[in-house]
Structures are given as C-alpha cells and as structure tokens.
Amino acid sequence: MEQGGIIAPESRPSPWGLPAKPVNQCSLADVMSEELARELQLEEERHVFPEEVLADEGAFLTSENIDTSSDAVLAQMLQMQFDKEYDAQLLREEKKFNGDSKVSISFENYRKVHPCEDSDSSEDEVDWQDTRHDPYKADKPTTTPKKGFIGKGKDITTKHDEVVCGRKNTARMENFVPEFQVGDGIGMDLKLSNQVFNVLKQHSISEQRKSARVHDKKEVSTTEKVVDPKTRLLLYKMVNAGILDTINGCVSTGKESFVFHANGGSLEDKAVPAECALKVFKTTLNEFKNRDKYIKDDYRFKDRFSKLNPRKIIRMWAEKEKHNLKRMGKAGIPCPEVVMLKKHVLVMSFIGKDQVPAPTLKEAKLGLEDSKAAYYQVLAMMKQLYHQCNLVHADLSEYNMMWHDGKVWLIDVSQSVEPTHPHGLEFLYRDCRNVSQVHND
C-alpha cells in the first residue's frame, strides 16, 4: 500500500526470498503418542530408494548391528565407505589404462585394503587379498610320508610313481639358472621323466659353466691389441708413478705378445729412454701352447714351473726375456735395454725413431753390401751369444732381427735357452739353418 510514494513495510519483498510457511506445532502429548510413532515408521518403510543409486553407490551403512554411539566407530565406518569408493574408482582407472593389452599393469599397491573388511565383492571382481591364485607359481608337489607310500591296497602310490616323479621334476625345473629358459607351462599338467630331467639338468649346468668361461675369458684374458683390466691397471700405475709419460699405441703384434710405444719418464736409480717399448705378454695360450717346451727344462725356472697356472707361466716367460736381454746387453750384443719388469709387462728401450719401429730384416730393403754385412754380423752375434752369454736364441729368423742405424738388433729372446737344455743343440741347428736360408734367398 502506497502512502505518499512510500511502500508500506508489510508489503515490501523479503531479501531472503519467500517467507517460510509456519510450522504446525504439536504438543508434548502428541509427540509421546504411540499412534504417531507408528505412522512415522510406516511412512519410512514405504520410502524406497531408486535401484540405480543403489547399484552405483553400493550398500549404505546401517547401524543395525553396530553401536553408533561412539564417534570413533562412526569415523571408521565413514573411512571404510570412502575407501570402497576410492578402490572402485581405481579399478575403473586400471581397466581403462590396460584396455585389451595382453600385458596388464596392476594398481594393487595403491588400493586402500582393510584386513578386517568383510569381502562382499561379486564374482566378477578381482580378489585383492593374498589368497588369490598366481598362475605363474608352480604348484608344490604333494609330499609323500616318511613311510614312502600313500594309500592302501590297489590304490597304493609310492614315491617312485611315474606321475608323482614327473610332476616333481617339472617343479624342480624352476631351480635351474635364470639363463636357462624353461617356460611357464600355465594350465598344463606337465610330467617329465627322470631321464629327460637329468639331461636338461646337465645341459643347464654346462651352459652356466660355458657362460662363465666366456665371461671370464673376456674380462681376464689379454688378446690381440686389447688389454684386460689388470694389465690396464699396471699401465696406469706406471704413468702415475712417472716412469712413463704417455702411452701412444700398439706398434707390433705377435703370437706371444704385443708391443706399445710410450714416452719415457724418470726413475730414481736409472735413466729412462725418451722412447720406450712396452711388451705385454698375452695371458692366453691359444696361439703359443708349447711354451713349456722352452721353460720347464731350464734349470733357472725348473722348480717354479707350473703348467696348471697360465698366468704364472706368462710371468716366468717375461722374467726369462728380461734376464736374457741383460745377459746380451752385458756382452755388447745390440738388443733392447731393459728398464723394468712388472708382472707380465716388460719396459724396454724402443728400437726406432719418432714412434716408428725399425724394420725387420724381412721388411728392410738392403743392398748387396748391407746384406753381406748383416749376414756376417748375425754370424758373429750367434757365436757371441753362444760363447759369452751361454745362450741359444731358439727362434732366430728374419722376423726376430731388426735393421737400425746400419746394424742388426736381436729381439724376442724370451724362448732362448742355455746349451745344456735337452733341446739346446736342436734349437741351435734350427737357428743356423734359418740364417743360412735367409742368406741364400
């Protein structure tokens, strides 16, 4: 109602919306009435929730068998309901992520599993408890009692039964080495006879040993132009100690060793040449298997010879060359000067110049006069080697003699023996024949 352009207070619209209808108040007698309580209970029973909601949300929490007077119990019930909804969502995410892939990824570690939770999942759902069956896990064979048999009469089954032994052998296959592929055999009742199982077991053991040998050979052996970790460590120590300045690369290879070029450093007790040769003896005996022929009958190493340990033979071989070179150096025979020996690595002076080794007599292009001079020099060195050094080269040829600074240098004397060696004269005759053939050629 307007009075002078002013709206009456009773006719103004409420800022809170429509006014609420007044609630019908009832007396205390009506509240305590049993008839009113029955009507409310009947009305609650007639109320039905939609089935779709029940299907999506799952069972509602009820307080029929649970005392809900405690706040802790109510909190546990709410938490369990939340965990159920979280696990259901996680299961849908897992199915969506895996799709139709044959290899599936499980989200089990992210689930909220309660040990005290009653399992009310349907048959189609995955059982996430520890009791689920793992198809990849081999079933444990039934053990026979101590008496050795089970059953009675015609149904008796001993521990030697073909079916029982076959299943036990199949289960034992999982104890083979991982490198031996045995398969899974899911859903198959496999039975292996004792004969087949023993053959597979022996094959598995032999394959494991073969793999170990191949791996050990790659890691330990010193092969052509390649050094094993132990040899590499020796070379690093020489560089760190200042004995060598730098190691440049391989300059020569042979059946028993290969040679690296290095720049010399310094030693306290002796001078180190500016250019050094590192002779690394191979730790494999594949190419030179008859080393023992030259060393086992040498009185200097006879007591220390051990054919069963290849590395000891290699070290003795390197030590033998060191002593032979020192003998030749004292007699004035042109040969490499020994600097030091570390296990199977021999450091010598380098015969050549500017990292280029001197050519062997096989590679050198000599004139007539130089060839004659080289021949007579070799004859003189053989006499000097025999009488003054009390040695026989045992492998003298144009490949083991180098031409440098207008004269012949002898190398590779690790196989040299004394004339008292059982095969000493035989080796001397072979050396003389080789030198004569080179001269005639």
Side-chain angles (χ1 to χ4, degrees), residues 248-264 271-279 288 294 320-339 346-419 424-441:
N248 300 313
C250 183
V251 294
S252 176
T253 59
K255 62 182 180 180
E256 64 176 11
S257 63
F258 54 92
V259 181
F260 285 102
H261 179 274
N263 296 328
V272 179
E275 290 187 281
C276 296
L278 303 178
K279 188 170 184 178
F288 197 11
Y294 298 90
K320 193 166 182 279
E321 177 154 4
K322 169 191 170 184
H323 291 305
N324 292 340
L325 286 175
K326 284 189 174 182
R327 278 194 189 184
M328 294 168 59
K330 289 181 180 179
I333 298 176
C335 65
E337 178 189 356
V338 176
V339 178
L346 182 62
V347 183
M348 306 175 293
S349 60
F350 182 73
I351 302 176
K353 188 177 181 181
D354 297 334
Q355 302 184 17
V356 179
T360 62
L361 287 183
K362 181 69 175 178
E363 301 170 345
K365 297 180 181 180
L366 302 179
L368 183 59
E369 296 297 329
D370 290 338
S371 299
K372 288 183 180 181
Y375 174 70
Y376 289 113
Q377 184 184 353
V378 171
L379 294 181
M381 284 193 299
M382 290 179 65
K383 292 179 182 179
Q384 196 175 4
L385 190 66
Y386 185 85
H387 292 291
Q388 297 183 20
C389 301
N390 196 25
L391 290 175
V392 176
H393 192 283
D395 191 23
L396 195 60
S397 66
E398 64 271 26
Y399 296 97
N400 291 333
M401 293 181 286
M402 305 182 77
W403 182 259
H404 181 60
D405 290 340
K407 58 183 178 180
V408 180
W409 296 67
L410 291 183
I411 59 173
D412 292 343
V413 293
S414 56
Q415 72 285 334
S416 300
V417 296
E418 294 193 349
L425 297 179
E426 177 186 348
F427 295 153
L428 179 61
Y429 173 75
R430 188 174 63 186
D431 292 345
C432 295
R433 184 182 58 187
N434 293 338
V435 172
S436 298
Q437 288 178 353
V438 172
H439 176 67
N440 294 332
D441 294 342

>> Treating Lys279 as the side-chain partner and Val259 as the backbone partner, does any N or O pair qualify as donor plus acceptor under 3.5 Å?
In response: no
> Taking all atoms of both residues into account, what is the closest heavy-atom pair of Glu256 and Ser414, and its distance?
Replying inline: OE2-OG, 3.2 Å
>> Taking side chain to side chain donor-acceptor pair (under 3.5 Å) as the cut-off, I'd like each qualifying pair that reaches into residues 348-365, sequence neighbours left out, listed once.
In response: none
>> With heavy-atom distances below 4.5 Å as the criterion, would you say the side chains of Met382 and His393 are in contact?
In response: no
> Can you name the residues that form a side-chain hydrogen bond (donor to acceptor under 3.5 Å, both in side chains) with Glu337, not counting sequence neighbours?
Replying inline: none
> Please walk me through it: do Leu396 and Phe427 pass side chain to side chain contact (heavy atoms under 4.5 Å, CB included)?
Replying inline: CA-CA 9 Å; Leu396 195 60; Phe427 295 153; over 6 Å; no
> Hey, does the side chain of Trp409 reach the backbone of Ile351 with a donor-acceptor pair shorter than 3.5 angstrom?
Replying inline: no
>> Less than 4.5 Å apart, side chain to side chain, heavy atoms only: is that true for Pro357 and His261?
In response: no
> Is any side-chain heavy atom of Val408 closer than 4.5 Å to a side-chain heavy atom of Val378?
Replying inline: yes
> Which residue, Leu410, Val338, Ile411, forms the side chain to side chain contact (heavy atoms under 4.5 Å, CB included) with Leu325?
Replying inline: Val338
>> What's the separation between atom CG in Asn390 and atom OG in Ser416, rounded to the nearest 0.5 Å?
In response: 11.5 Å
> With sequence neighbours left out, what residues match Asp431 under side-chain hydrogen bond (donor to acceptor under 3.5 Å, both in side chains)?
Replying inline: none
> CD of Glu426 to CZ of Arg430: how many Å apart, nearest 0.5 Å?
Replying inline: 7.0 Å
> If we only count heavy atoms from C-beta on, is the Phe260 to Asn248 side-chain gap below 4.5 Å?
Replying inline: no
> About how many Å separate CD of Gln377 and CG of Asp370, when rounded to the nearest 0.5 Å?
Replying inline: 10.5 Å
> Taking C-beta and beyond as the side chain, do Phe350 and Cys276 meet within less than 4.5 Å on heavy atoms?
Replying inline: no
> Counting only N and O atoms by type, is there a donor-acceptor contact under 3.5 Å from the side chain of Asp395 to the main-chain atoms of Asn400?
Replying inline: no
> For the atom pair CG (Leu361) and CE (Met402), what is the distance rounded to the nearest 0.5 Å?
Replying inline: 9.5 Å
>> Strictly distance-based, threshold 3.5 Å: is any side-chain N or O of Lys330 a donor or acceptor partner for the main-chain N or O of Cys389?
In response: no
